[in-house]
Structure formats: structure tokens, C-alpha cells
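Here the structure comes first, spelled out in C-alpha cells, and everything after it is commentary.
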Protein chains: 2
Amino acid sequence: MRAVPRGEDDRSVARKLFAIADAFERGDELTLSEIADRARLPLSTAHRLLGEWVEWGGITRSGDGRYRVGIKLWRLAVRQPSSRRLRIAAKPYLEDLFESTGEHVHLAVREGLGAVYLERMSGADAVPSITDIGSRLPLHATGVGQALLAFAPPGVFEDVIAAGPRRFLPGTVVDEGALRERMARTRATGIATSVEALTKGAFSVAAPVRDATGDVVAAVSIIAHVERLEEPQFALGVRIAGRGISAALGHRP
Amino acid sequence: MRAVPRGEDDRSVARKLFAIADAFERGDELTLSEIADRARLPLSTAHRLLGEWVEWGGITRSGDGRYRVGIKLWRLAVRQPSSRRLRIAAKPYLEDLFESTGEHVHLAVREGLGAVYLERMSGADAVPSITDIGSRLPLHATGVGQALLAFAPPGVFEDVIAAGPRRFLPGTVVDEGALRERMARTRATGIATSVEALTKGAFSVAAPVRDATGDVVAAVSIIAHVERLEEPQFALGVRIAGRGISAALGHRP
DNA sequence: GACGCGCTTCCATCAGATGGAATCGGGGAT
DNA sequence: ATCCCCGATTCCATCTGATGGAAGCGCGTC
């Protein structure tokens, strides 16, 4: 019956609907066939389910017949309380950090084995960097990622190892022992550093952000050119920002 | 079989999943029972479908057992190309407008019969106003709404009338003839005005924003105290902002 | 310690999902 | 002008996965 072998278990309608949404992870404006292809669904099924999405408003169809994510989803998402509160609390600290260094400043949270960028400020003359608001990068290969990983619930580290951390550049730390040691150091110092792990010529310094319950809910980072690696104000700056945002979230050390 | 009578047609799994998402329209952190209640689903069904949402990541479950919208949806939504482009193009014009007036400045798009607020800047001393980023207000009762309605595809106006426009305050225009006339004036002048339509003591002036194809895709507005109604700089300001944003989107008059 | 309340799990029944195939539609080539 | 091709859309007989009442569980309260 099943012409195309599926990964895992795509049986339920829900999974299929979500597979369709996932098709928009890469690619903003898709045709029916592209979506059916990425979601690994027969055309007729994809068509029907897309119809449901469109009727609801989560996906809209533009004049050219292509599908794109609709405002309904945007509305639902921007009102999301946790990230909203976090962004509002963080804003002034990120601005300070940005103004005092002129480098890229990031705020990220963990989603599974990835760091999702909630906020970003970048100087025109800073090193090129691929992160953009809403993007998701592997935990082991970024400063914020390591800060998040170091304080993540038990099991996350094991999952990262099990997933086989990818080496992007010679500087990417992928060895279990080395990673574990870094995590320990980060927990001890409250600072995570990564040098040319994902972007050539760039290093990153990150600090955790805690909420009122003491849990690490986010991380702040600065990305700068490796030339400036030794300058002490970066670590100092992100640490202060991390503490400030934590305090704004109600954290009392 | 059907203990609780349902509205319309909730048969399909998709509708049920979406009904669950809609439960978050009002209320950020919900319990299973609240969701089941709002989505008009039996507990067991709501539970199972919520499980699917959570597994996918569109909804997450926090420590206290409550459900909330997840980062996955946020990520999907913020990368949405159209609203992103629009917000980026609009930002400087909105800032100008805000700085030169000190009043509320809004950017909104149409979603069905509502105006959805994409961006908002507000002075501390401006009139109280209920709009917030991500909120949705009826087209007929706001400045941006009227600007969007005036240039909406044929049929939208009829739908607004058919839906029975609600009167919020004495100033709300709900009469078909009066509304139609306003729309015509707005199309002629490129400016929509509404006085105490939704908020007591406030008036709003709005102008349409067009994209490269000439379609009206958004509207800008200022909300200020009725005392300032006669001051000409508001209409002038929003008109200039509307034109500027349109130009930034590639519109050539 | 028993009651109440909200959450979770179970499973027999059947309504709704499925997807291959037929059809439509439009734009490019001949 | 006509044909062809390819993506989108519609159809419908088959059967699988959704359904939700009910039983079970966990926990705070009286």
C-alpha cells in the first residue's frame, strides 16, 4: 500500500498536518507539490490537509497560488507569554551591551537540541554571522547553545552526544569528554566561550539567564572577531547582562 | 452519541486540533480542562490531541502542568516573509511618526474581518488604548480597519455588513450607508478617520500602505486625544508614512 | 481515610481519512 | 490554432485510525 517508505510513524492526521507546517522550516513560499514532497505525503492528501490549514488561517495562499505561513499563526505566537516577557525584560540589557561593544548581541532559548534566537542586535561592521531572529542552531556549536546546554535538565547532554554533534569548523567541539569538561567549566564560571565553532573568524561569549525559580531559561551572548578574544569586557558584559535580565525576571540569587 | 451539541462542523481531526490552538486566543496558560472546555471537546480527545501538539512542539507544557504556545510556532511565525518584510520596511517611518507626534502609532494588516496589529509604538502620556501587538480588532471600528476595508477586495465590505458591525461607543459607525460613504471618501482622499469609535476620548487617522503590485497590504495610523482632532499634522504625517512604507515595499505610484 | 477533582489510560465501535485514478486547466512548444 | 505536459483538483470505494465513555490514578482537602 505504501509506495514511499515513511520515516517513523506518520500515521495520524495530526502528524501529517504538522509535517506540512514543518515544510515551511526552509522555504517561505511553497507550491502544493513542494509541500507534498517535503512532508512525504501523496498530493491529494497534502492538498486536502492544506485546505484545512488555509481554512483555519494558519497558512494562506497568495495570488500566485503558493502557500505561506499565515498571520493567524503569527498572532498566536507573538502573544506567547514566556518569550514575550523574556524579550521585554532583556531588551534594555541587550541594548546596553550592544551600544557598549558594537558587536552582535544575541538572546536565545533552548528548544530540544537547538538554540533558538529570540532577539538579535548587530552592528554593520561586526563579523558576518548567520544567526537571525527565529533561527535555530545546534547547542554544541554556539556560545548561547553551550550556556543553555550546561544548565539544561539531565539527559539533554546525552541526547546531544547520541545525536552525534556535527563538526562545522576545526574549532567545533564535538568530543564527548571535551564537551563535558566545557559544560562543567561553564557551570563553575557562569560563562561559556566558543571560538570559531560555527563561523570562521568569530568567537562567542555567553551567560545564562535565570527566572524567578532559578531555572536557566535563556542565554545572552556576544559574537566578535577572534582578534578581540582576549579583551575582558565581553565576558564581563554578558555576565552583567545575564544577571540583569535574570533580576528583571524575578531571580534573586 | 453527541452529548454536547457542537457549533457547525467540528468533525475532522484538523478542526479539532485548530480548535485547541484557538483556545489560546484568550488565555495564555491553560489547563487541560480549560482547553477541552473552550474547544468543546471531550476531555479524552482534548488530551490526546494536545499530546500530538506537544510532541510536535507547537504547544509546550510547563512545570505546573499548564499548556502554553511553544517556541516552535513562534519560530515558524516570525520567519513569515510577508509580515517580516512589512515590519522592517515600516519601522523607520513609524519611528519618525512617533517621535514627531508622541502619540500611539500603529501598523496593521487585514485578517478576515479584523485588523491585526503588527507593530505599535506608544508614548507614556498618550491616551489609553487597548491595541497591542498581535491583537485583532474589527475593521469598521478603527482607523486602520477602515483604511484596510476601503481598499479590501470586493465582498469584504458586504461580509462586514452581513456580520452586523458592533457599536462600541456612540461614535462607532455601523450604518451601511454611512460606512459605504466613508469608504468612498477614504478611497478618494487616501485617509481614514474615526472618532471615538472604540475608545472614549480618542480619534484615529490612518493611511493605506501598498506593495509593489499596487495592492493595499497594510495601514498606518495615529491615535490621539480628540482635543487634537483639528491639528492637520496627523493626517499629513500618516499619509507621508503610508507613502514612504509603500515606496520601501517597491510601490511606484 | 475517604471524598473530590483533574488528569490519564483503555478499548470496542464506527465515522472519517485515505490515496490511486480520473479530470481539469493553463501555458509552452510545434 | 492545436496538442502536450505537468501541476492542481476532485472523486469515491476501502478500511484504518479516531472516538469518547468509563474505569483508573494521584493528590490535596476535610
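Note that the structure is a prediction, hence the values are computed from the model and not measured. The chains referred to below are lettered A, B, ... by the order of the sequence lines, with proteins before strands, and numbering in each begins at 1.
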Per Val13(A) side chain, nearest of listed nucleotides dT9(D), dT8(C), dT18(C) = dT18(C)
Between C1' of dT9(D) and CD of Glu55(A), the distance in whole Å = 16 Å
Among Leu41(A), Ile35(A), Leu17(A), Leu30(A), find the residue that satisfies the side chain to side chain contact (heavy atoms under 4.5 Å, CB included) test when tested with Leu50(A).
-> Ile35(A)
Closest nucleotide among dT19(D), dA17(C), dC7(C) to the Leu49(B) side chain = dT19(D)
From the options dC7(C), dT9(D), dG19(C), select the nucleotide whose nearest atom is closest to the side chain of Leu43(A).
-> dT9(D)
Interatomic spacing from CZ in Arg68(A) to CZ in Arg79(B) - rounded to 0.5 Å = 15.0 Å
Integer-rounded Å distance: dT10(D) C1' and Leu50(A) CG = 16 Å
What integer distance in Å separates Asp64(B):CG from dG28(D):P?
-> 14 Å
Taking NZ, NE, NH1 and NH2 as the nitrogens, is one of them in Asp22(B) or Lys72(A) under 4.0 Å from a carboxylate oxygen of the other?
-> yes
Atom CZ of Arg40(A) to atom P of dT18(C): distance rounded to whole Å?
-> 17 Å
Counting just side-chain N and O atoms, does Lys16(B) come under 4.0 Å of either OP1 or OP2 of dT19(D)?
-> yes
The single option from Glu29(B), Arg61(B), Glu34(B) passing side-chain hydrogen bond (donor to acceptor under 3.5 Å, both in side chains) against Tyr67(B) | Arg61(B)
Can you find an N or O donor on one side and an acceptor on the other, under 3.5 Å apart, linking the side chain of Thr31(A) with the base of dG7(D)?
-> no
OP1 or OP2 of dG20(D) less than 4.0 angstrom from a side-chain nitrogen or oxygen of Thr45(B), does that happen here?
-> yes
Please check the phosphate of dA8(D) (OP1 and OP2 only) for any side-chain N or O of His47(A) closer than 4.0 Å.
-> no
Proximal nucleotide (of dT9(D), dC7(C), dG20(D)) relative to the Leu32(A) side chain = dT9(D)
Atom CG of Leu17(B) and atom C1' of dG16(C): how far apart are they, to the nearest Å?
-> 14 Å
Describe, in one word, how the ring planes of Trp53(B) and Phe18(A) are oriented to each other, choosing from parallel (under 30°), tilted (30 to 60°) and perpendicular (over 60°).
-> tilted
Identify, between Arg61(A) and Arg48(B), the residue whose nearest nucleotide on DNA chain D lies closer to the 5' end.
-> Arg61(A)
Whole-Å distance, Leu41(A) CG to dA8(D) P, equals 14 Å
